[in-house]
Amino acid sequence: MAGKILLAGGAGYIGSHTYLALVAAGFEVIIFDNFVNSHPSVTERLAEINGAPVTCVTGDVRDSAALDRLFAQHDIAAVVHFAALKSVADSVKDPLGYLDNNLGGLVTLLAAMDRAGCRNLVFSSSATVYGIPDETPTPETAEHRAMNPYGRSKIMCEEVLEELAAADAGWAFGILRYFNPAGAHPSGLIGEDPKDVPNNLMPFVAKVAIGEIAQIKVFGNDYPTPDGTGVRDYIHVEDLARGHLLSLQSLLSTGQGHLVNLGTGKGQSVLDVIDAYSAACGQDLPFVFEARRPGDVPIYCAQTDLAKSVLGFETEKSLADMCESSWHWVTSQAHLTRP
Ligand code: NAD
Ligand code: WQD
């Protein structure tokens, strides 16, 4: 395979799973990460899964000199850009920090790619750009309505990519809008492993299941949904990793960009998740209904036609698979003994 693939932020939750999918497909992959929200030990566990060493360079995508050195040392055919801060709550407290890291990081990375003549990039975007959508399932043509600095940083990043592609047809961007990733690798050696207290439902439920947190707080049971609780489009991280492989292969083979949702197209409620995780861990998980969380929408669900037609992408794994693999990860020795 001509040229290596650089995973910026590749030591994180989605990046580490995508690393395995790309290596399995025959790509030579380099991870570049500053470990602001991941553990360096993940590279040892990736090496254990693959039975081969992992090339990982520690650095910040805002460091031009570090990026120039990396592009000088390696022939990079494409970049998959995961490196961003992703907490909605934190972005409200530190909007400038989010713009600097997420938008500034992307622009610095693109400038380094430009200097190196590397013009293929897969970008991690988010359904959060839709804000409160008019329709669900939500198509890619829906209006940009982000409601927080994090979501707006993703919109701005997408606009930078749009601008660059319009100015120079030599660039090819695969923009992937993820809905709600969940689950873990079947080995139990890698999974969602945030450094801070997670805001997301699935890692919270996992912490209740292992006894770290007493009970699940269900934010609202008066939404216009079948059981009154919030509905989301949960997608297994293994399916998501395969979506990145298909996006990358499409960019490299066609030179044409694309923008697609990555989701199942099906919605699951908070109570559905609690039921599925209870079945996975073999105990009825305790929960309490609380007030709605500010900024939450009743339903987020992907329209998936474009991912299917453009990339041939369809999800294969279920909510049960997500919960079972998450439970395997949070109870694994790797998780319990990692530094
Ligand atoms: P993550 O925090 O696990 O991974 C991000 C990785 O990027 C981490 O390893 C972190 O250390 C690294 N990083 C952050 N800023 C960096 C910088 N300036 N320089 C170098 N490395 C840096 O998050 P994730 O869940 O794997 O998400 C990956 C991408 O997908 C992010 O861009 C996120 O916005 C996007 N996304 C995530 C979700 C989700 O729910 N997990 C949903 C939609 C979109
Ligand atoms: C899911 C559902 C909550 C926690 C977020 C970001 C989004 C993207 C994906 C990065 C909602 C309910 C949650 C809890 C609960 N990340 N919930 N109790 O809000 O859909 O999306 O992650 O791009 O940008 O906004 O995911 O997991 O936080 O919530 O009841 O302790 O679970 O109300 O209905 P969300 P989530």
Side-chain angles (χ1 to χ4, degrees), residues 7-18 31-40 42 56-63 66-67 80-89 91 97-98 100-102 104-106 108-109 123-131 146-148 150-151 153-154 157 176-182 191-205 207-208 213 215-221 223 225 229-235 237 240-241 244 262-263 267-274 287-300:
L7 301 191
Y13 174 39
I14 300 167
S16 54
H17 290 78
T18 302
I31 289 174
F32 182 80
D33 205 302
N34 68 356
F35 299 105
V36 71
N37 195 38
S38 52
H39 300 266
V42 72
C56 179
V57 175
T58 302
D60 193 309
V61 288
R62 294 167 293 182
D63 182 344
L67 290 171
V80 185
H81 187 35
F82 297 104
L85 301 175
K86 61 166 183 176
S87 163
V88 168
S91 78
Y98 266 66
D100 178 56
N101 195 73
N102 296 359
L106 172 67
T108 305
L109 174 62
F123 177 70
S124 301
S125 192
S126 167
T128 206
V129 304
Y130 296 124
M147 298 159 61
N148 51 67
Y150 164 70
S153 79
K154 289 296 183 183
C157 287
L176 308 178
R177 289 180 182 159
Y178 316 157
F179 278 67
N180 291 65
E192 189 164 12
D193 195 13
K195 272 190 166 169
D196 54 8
V197 178
N199 299 310
N200 291 131
L201 177 66
M202 191 69 85
F204 247 100
V205 170
K207 285 186 178 295
V208 172
I213 296 177
Q215 61 181 1
I216 301 156
K217 294 175 185 167
V218 179
F219 297 142
N221 65 336
Y223 282 108
T225 61
T229 65
V231 170
R232 294 293 183 273
D233 186 334
Y234 297 96
I235 176 171
V237 66
L240 201 50
H244 285 77
L262 291 185
Q268 310 267 5
S269 75
V270 177
L271 295 182
D272 291 333
V273 172
I274 294 173
F287 64 88
V288 63
F289 290 120
E290 298 220 341
R292 294 182 178 189
R293 181 173 64 176
D296 272 352
V297 298
I299 299 179
Y300 251 148

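We count ligands from 1, going down the list as the structure has it; atoms in each ligand are counted the same way. Bear in mind that the values here come from a model prediction, so they are computed numbers and not experimental data. One-based numbering along the sequence shown.
- For ligand 2, none of its N or O atoms has an N or O atom of G230 under 3.5 Å away.
- The single protein non-hydrogen atom nearest to atom 20 (O) of ligand 2 is R232 NE, 2.6 Å, given as residue, atom name and distance.
- With respect to atom 8 (C) of ligand 2, the closest heavy atom belonging to the protein is S126 OG, 4.1 Å.
- Shortest contact from atom 22 (O) of ligand 2 to any protein heavy atom: N200 ND2, 2.8 Å.
- The protein heavy-atom contact nearest to atom 12 (C) of ligand 2 is V270 CG2, 3.7 Å.
- Using a distance-only test at 3.5 Å, with no hydrogens or angles considered, a donor-acceptor pair links the side chain of S124 to the main chain of H81.
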Audit row: F204, I216, side chain to side chain contact (heavy atoms under 4.5 Å, CB included) steps and yes/no: CA-CA 7 Å; F204 247 100; I216 301 156; 5.9 Å; no
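- For ligand 2, the polar-atom distance check against Y300 finds no nitrogen or oxygen pair separated by under 3.5 Å.
- For ligand 2 and T128, the ligand atoms under 4.0 Å from any heavy atom of the residue are 24 (O).
- Counting heavy atoms under 4.0 Å from ligand 2, residue M202 does not touch it at all.
- In this structure, of Y234, F204, F287, the residue bringing a heavy atom nearest to atom 2 (C) of ligand 2 is Y234.
- No side-chain donor-acceptor contact under 3.5 Å links T18 to the backbone of A241.
- A search for side-chain hydrogen bond (donor to acceptor under 3.5 Å, both in side chains) contacts involving H244 returns Y178, not counting sequence neighbours.
- Protein residues are said to neighbour a ligand when one of their heavy atoms lies under 4.0 Å from it; for ligand 1 these are G9, A11, G12, Y13, I14, D33, N34, F35, V36, N37, S38, G59, D60, V61, R62, F82, A83, A84, K86, N101, S124, S125, S126, Y150, K154, Y178, F179, P181.
- Checked against a 3.5 angstrom limit, the closest N/O atoms of N180 and ligand 2 fall inside it.
- Atoms OG1 and CD, on T229 and Q268 in that order, are 10.5 Å from each other to the nearest 0.5 Å.
- Any N or O atom pair closer than 3.5 Å counts here, and F219 shares at least one such pair with ligand 2.
- For atom 18 (N) of ligand 2, the nearest protein heavy atom (residue, atom name, distance) is K217 O, 2.7 Å.
- Of all the heavy atoms of Y150, the ones lying under 4.0 Å from any atom of ligand 2 belong exclusively to the side chain.
- When each atom of ligand 2 is checked for a heavy atom of V218 under 4.0 Å away, the hits are 30 (O).
- Counting protein heavy atoms only, atom 19 (O) of ligand 2 is closest to R293 NH2, 2.8 Å.
- Remark: side-chain polar atoms of N200 are not paired, donor with acceptor, to backbone N or O of M202 under 3.5 angstrom.
- Heavy atoms of L201 found under 4.0 angstrom from ligand 2 belong to the backbone as well as the side chain.
- Side chain of N148 to main chain of G151: a donor-acceptor pair is present (N/O by atom type, distance under 3.5 Å, no hydrogens or angles).
- Side-chain atoms of D100 never come within 3.5 Å of backbone atoms of G97 as a donor-acceptor pair (strictly under, hydrogens ignored).
- Regarding atom 6 (C) of ligand 2, its nearest protein heavy-atom neighbour is V88 CG2, 4.0 Å.
- Less than 4.0 angstrom separates some heavy atom of N199 from each of these atoms of ligand 2: 4 (C), 28 (O).
- If you look at D296 next to ligand 2, the close heavy atoms, those under 4.0 Å, all belong to the side chain.
- When side chains are defined from C-beta on, R177 does not count as touching T128, because their heavy atoms never get closer than 4.5 Å.
- Using a 4.5 Å heavy-atom cutoff, the side chains of L85 and V36 are in contact.
- With hydrogens and angles ignored, the 3.5 Å screen pairs no side-chain donor or acceptor of D296 with any backbone N or O of G230.
- For the atom pair OG of S269 and OH of Y234, the computed distance is 8.0 Å after rounding to the nearest 0.5 Å.
- Although no hydrogens or angles enter the test, the distance criterion places a donor-acceptor pair under 3.5 Å between the side chain of Y98 and the main chain of S87.
- For Y13 and H17, the ring centers sit closer than 6.0 Å to each other.
- With F179 as the aromatic partner, R232 does not meet the cation-pi criteria of under 6.0 angstrom to the ring centre and within 45 degrees of the ring axis.
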